[in-house]
Amino acid sequence: MKSRLTRFAASVALGSALVVGAGSMPASAQEQGGELRLVVGSDIPSYDGHIESTFGMIHPIRPFYSLLIRVNPDNPSSPTDFVCDLCVGEVPKPTNDGKTYTFKIRKGVTFQDGQELTSADIKATFDKLAFPPDGIASNRKAYFAMIDSVEAPDPETVVFNLKFPSGTFIPSIAMPFNFIYSKNDLDERGYTWHQTNVNGTGPFHFVEHVQGSHVTGKKNPNYYHEGKPYLDGYTSLIAPKMSVRLQAIRGGQADIEFRGFPPKARDDLKEALGDQIEVQESDWNCVLIVTPNHEAKPFDDPRVRQALSLSIDRHQGSEYLSKIAIVKTVGGIGFPGHPISSSPEYLEKNIIGYSKDIEASREKAKALLKEAGHENLKFTLHNRGVDQPYKVVGTWLIDQWRRIGLDVEQWVQPSTPFYATLRTQKNFEVSLDFNCQAVVNPIADISKFLPSSGANYSYFEDAELESIYAELLATGDEGKQRELFAQFEKRVLNDLASQFITLWWYKINPYRSYVKGWKIAPSHYLNQSLENIWIDSAERKKQLGG
Amino acid sequence: MYTYIIKRLLMLLPTLIGAAILIFLLLRLVPGDVCLLKFGGEGSYADPQQILQCQQRLGLTDPIWQQFFDYMVGFFTFDLGVSMWTSQPVAYEIAIRFELSLQVALMATFVSVVIALPLGIISAAKQNSWIDYLVRTFSIAGIAMPSFWLGILIILGLLIGSQAWFGRPWMPPIHFQSFFVDPVHNMSQLIWPALATGYRYSAVATRMTRSAMLEVLREDYVRTARAKGLIEKVIINKHALKNAMLPVITIVGIEFAFLMGGLVVTEQVFNLNGLGKLFVSAVTQSDYTMTQALVMLVVAIFVLMNFLVDIMYAWLDPRIRYS
Amino acid sequence: MTTPDISIESDRLPQRKSVLQHIGSLARKQPLGFAGGLVVLAMVFMAVFAPWLAPFDPEQANFADMLVPPGSTSEMGEGFFLLGTDQFGRDLFSRIIYGARTALLVGFTAAIIGSCAGLALGVASAYFGGYFDLILQRIIDVFMAFPLIIMALAIVAIFGTGTEKVIMAITIPFIPRCARVVRSSALAVREMPYVDAARSIGYSSARIIFRHIAPNVVAPFLIMLTAFLGEAILLEASLSYLGLGVQEPTPAWGLMLQGGAEEYAESAIWVPIFPGLAITIAVFGFNLFGDAVRDALDPRLRSQ
């Protein structure tokens with residue numbers, strides 16, 4: 001497993017290094033000082049990482065906090081390279097047959113208000129995350145189902161006791177949402193205090209947040225990672241429109257955006273500013289899923305669903321859509337290129353809708369529809385009112401379906417009613433849905449396709465799928481895992497066509513070239529502490545003047 | 001006069017209460033609520049138990065009449081509550097955006113008056129001449145052009161123009177700084193939306209100035225002045241303008257009230273953190289408390305402005321008071 | 001001496017003039033209104049004959065020709081993109097032509113329904129008076145004070161997006177505005193002796209309203225109707241721009257300004273320019289036309 005993963009990591013890293021050696025500068029060149037201005041496309045619902053799941057909170061707030069362990073900031077493209085943040089030494093190996101993890105905690109770490117961090121704070125944080133008291137929300141509870149108890153035997157030790165050995169424990173602990181809070185704050189100020197207040201141990205200290213406008217942070221002078229952060233501070237500017245974010249980078253009002261722009265935008269920036277713009281790119285652990293409602297006729301008929309999947313030309317879509325949207329890679333249900341995921345060649349031969357002979361596929365689709373008695377089917381595609389990539393992909397899908405004679409209209413709803421339709425109203429025919437995770441962890445990520453997962457909105461039941469997944473979770477053998485994974489994929493995409501994949505997202509980050517030291521990860525949630533970033537002030541002056 | 005004022009004030013109450021009921025009902029008709037969005041907004045797994053807890057905490061599971069009662073009590077005691085989305089007090093959220101919206105509204109009104117007055121007067125004085133047609137074309141074009149399109153063109157023009165002239169592209173700042181903190185930053189951000197909306201709103205004011213002037217120019221005393229041989233300039237400046245001002249002031253006042261809450265689209269284009277943008281996000285996030293408070297604020301500004309206009313008319317024209 | 005006489009004569013007897021002369025004199029007397037009328041006619045023509053005028057299918061994506069500049073020929077062989085293409089390779093010219101259909105559909109439906117409902121409410125309110133009038137007017141107060149775009153946002157949030165919902169969102173705020181204006185005109189008519197006479201003879205309310213009051217409020221009604229047309233087109237564009245209006249792939253001008261149009265504006269400036277121009281010219285035309293109607297109907301503003 002290790003060797004394959006390393007190879008995978010190397011290949012992803014190569015993909016991102018294609019552009020520029022952003023991190024290849026010698027350490028001595030790192031300059032201290034300066035302010036970073038980043039633009040964020042989403043508002044901040046609250047500062048509480050334990051209940052939020054949006055990058056709109058991660059990008060401005062994550063630098064104020066620390067994690068117990070994290071994705072290696074010097075190698076963020078690897079899905080298995082985790083390093084200690086608040087713990088010391090290596091990430092611990094499990095003992096007691098994989099059921100006990102013991103972390104040694106760093107000494108001399110202080111919160112912004114001066115309190116000293118101890119293991120009790122870490123215990124309190126994970127207790128809140130895994131066992132929230134009645135009435136207190138934790139959006140991460142499901143990820144920590146394996147935790148039996150957390151102990152803090154002394155101020156420098158934390159012990160996690162698991163109910164069963166689990167390969168997803170370490171990736172779950174490393175999730176960027178697991179901000180470490182002070183036990184004192186939780187006890188004295190209550191469990192909801194962190195929604196509207198910040199007190200962390202991260203590389204930056206919170207200065208101010210003007211709602212809807214910006215967040216500012218300044219350097220934490222007592223930060224425990226030696227010599228960091230390099231920046232004096234940063235401002236995170238909120239700009240919901242992508243065009244504004246793009247223009248802000250072009251027009252010198254912002255330096256970087258961490259979510260991602262479509263390729264055309266990158267090319268435009270490059271053309272206008274030449275080498276004043278640097279770009280990093282990576283595959284992205286997010287995908288839009290077509291979700292037919294099995295309770296709505298005729299989408300209860302697998303033939304109809306298969307026909308919908310068959311008529312989509314994913315290969316041509318990848319070629320053309322990747323010019324205008326933040327999607328690119330053709331893949332199955334698992335993150336493309338991950339050792340457990342299916343290869344493109346395998347998909348092409350074995351999974352419906354992945355063949356390169358699109359004419360044949362479309363003929364087959366028409367035949368299936370005819371057989372099902374729905375030749376000139378008319379339906380609405382339910383979509384979310386977000387441009388990139390929802391509406392672009394939706395418009396593309398409709399065009400694909402038109403080519404086999406289907407008449408499809410788009411029904412777009414703002415986020416709230418969109419999710420209400422998926423979850424409670426259930427009055428849609430076919431909808432787009434979204435699977436997007438932080439740490440790449442395909443076995444956990446594909447639980448989305450499981451009818452019992454609670455996040456599957458195609459409304460069906462399938463005992464076989466459930467049993468394959470249960471077996472997959474329980475096995476530790478790599479070969480067996482791959483086999484079960486492929487079996488699960490075939491069941492979802494071929495036999496049931498219960499849901500199907502569009503194109504995987506592709507992350508492109510163009511930014512001002514005086515921003516140095518940042519490395520792209522396969523997720524816009526990861527590697528966002530900003531502590532490695534520094535600014536080349538001479539270059540900045542050259543580009544922006546003054 | 002006082003009885004008239006009190007009577008008019010009392011008539012504001014039903015409007016305010018009606019608006020309160022209307023927005024309350026409209027919001028409850030939107031499927032879904034803020035909890036659904038918060039706990040599954042990114043498509044992730046959402047524990048129904050947690051969604052329920054969130055709904056209970058925010059009072060969304062209370063019977064509808066109970067929710068309405070709480071809202072009404074808050075409304076009459078000026079307690080706007082806490083935003084369901086950010087958990088910050090609604091009054092605070094509104095306060096931090098009010099300065100920007102007020103400033104843009106003032107600047108845009110100023111631009112619109114500066115454009116409208118001279119154009120309207122010239123247009124009336126030279127009625128049906130080519131100048132009149134030119135002015136009317138210019139002002140109707142302002143109202144025909146979508147303001148967001150004008151905004152897009154302004155930003156594009158700035159980016160392209162600055163690159164051509166100074167060799168480096170520039171766009172206006174995208175976050176607000178108070179005029180009293182950083183006047184240069186402040187003005188370089190707000191002057192563009194003020195120009196775009198000011199031009200748009202000048203159209204109605206120009207038309208109003210023109211027709212008010214035309215009407216006044218036809219009145220007896222102006223004819224008399226003309227007959228007396230007074231030169232046109234004096235007639236217009238001394239006699240006509242003063243009397244034509246009242247309807248113009250009215251329309252400018254009402255436009256100002258609209259500008260305070262109506263810049264929804266322009267704020268998107270220029271990324272202004274004003275009340276309009278807050279409105280859009282509050283509605284799309286199903287933030288009931290915030291949307292209700294904002295609607296009531298805008299409605300209150302609007303009815304108060306109308307009230308002031310009425311009072312002014314009544315004060316100037318005693319017949320109105322007794323009808 | 002003779003020339004002015006002839007002109008007076010021909011003014012009195014317009015039937016003697018040819019149609020062309022008639023149009024010519026209209027164009028001289030009301031040049032702006034005439035221009036507006038032409039724009040309106042051109043739009044109607046575009047909307048009706050869209051399938052024959054448009055060189056391409058407006059909804060068919062054509063990935064080989066994405067964002068090509070105006071005046072290019074298609075990579076796929078046949079075809080010429082007069083105004084260039086958008087990010088899906090769809091011909092902008094064809095989308096603008098078909099967009100006129102959406103604009104007119106939304107504009108006319110919203111304006112006609114809005115002003116007719118307003119007419120009915122306004123006349124009824126004026127005729128019946130009393131509590132009915134009082135309560136109705138308070139309700140109208142509420143709707144008038146309610147920010148129009150917020151109303152539209154709420155309606156879209158409740159019922160979802162799409163052409164019919166957009167029409168509904170635009171129509172509802174029009175009704176009270178028209179009702180208010182019609183009511184004040186109708187109030188003036190109500191006190192006229194002939195209405196009293198009709199009432200004393202024992203004519204039914206419906207008959208009095210339709211026969212005697214309604215014709216007299218036609219002028220304000222038509223003024224509101226024409227004013228609403230341009231406004232509805234603008235509102236539709238604003239809602240679509242906010243992503244809450246008509247949805248892809250339906251061709252609609254406001255929608256064409258959203259998304260890709262802004263992101264790629266710097267390298268593909270034709271994408272935001274042409275739909276914006278289409279909206280501006282259309283609304284401009286409707287406004288000029290509306291002004292002309294108002295000048296003709298409102299005696300106070302009639303040229304001396």
Quick one: [atom1] on [X] to [atom2] on [Y], what's the gap to the nearest 0.5 Å?
X: S87(B); Y: Y47(A); atom1: OG; atom2: OH; result: 10.0 Å
X: D43(A); Y: Q285(B); atom1: CG; atom2: CD; result: 6.0 Å
X: S213(A); Y: I96(B); atom1: OG; atom2: CD1; result: 8.0 Å
X: Q211(A); Y: R97(B); atom1: CD; atom2: CZ; result: 6.5 Å

Relative to chain A, which segment of [X] carries a heavy atom at a distance below 4.5 Å: side chain, backbone, both, or neither?
X: V269(B); value: backbone
X: I155(B); value: side chain
X: Y92(B); value: side chain
X: D287(B); value: neither
X: Q268(B); value: both

Report which part of [X] has an atom under 4.5 Å of a heavy atom belonging to chain B: side chain, backbone, both, or neither.
X: Q425(A); answer: side chain
X: F418(A); answer: neither
X: E52(A); answer: side chain
X: L237(A); answer: side chain
X: I44(A); answer: backbone

**Message:** With a 6.0 Å cut-off (strictly less than), is the heavy-atom count around CD of Q56(B), excluding the residue itself, greater than 12?
**Reply:**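 Above 12, so yes.
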**Message:** If you count every heavy atom of other residues, nucleotides or ligands that lies below 6.0 Å from F131(A) atom CZ, does the total exceed 12?
**Reply:**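 Above 12, so yes.
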Hey, is the main chain of [Y] close enough, under 3.5 Å, to the side chain of [X] for a donor-acceptor pair?
X: Q253(A); Y: M171(B); result: yes
X: R250(A); Y: L159(B); result: no
X: N271(B); Y: K241(A); result: no

**Message:** Heavy-atom pairs under 4.5 Å with chain A: which of Q88(B), K277(B), R57(B) has the most?
**Reply:**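 It is Q88(B).
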**Request:** Heavy atoms only, distances under 4.5 angstrom: which of S83(B), P173(B), S286(B), G167(B) has the most pairs with chain A? Name it, please.
**Result:**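 With the most close heavy-atom pairs to chain A, the winner is P173(B).
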**Asked** Between V39(A) and I174(B), which heavy-atom pair has the shortest distance, and what is it?
**Response**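 In terms of heavy atoms, the two residues are closest at CG1-CD1, 3.5 Å.
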**Asked** Top residue by heavy-atom pair count (under 4.5 Å) with chain B, among A272(A), G252(A), S447(A)?
**Response**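 The option with the most such pairs is A272(A).
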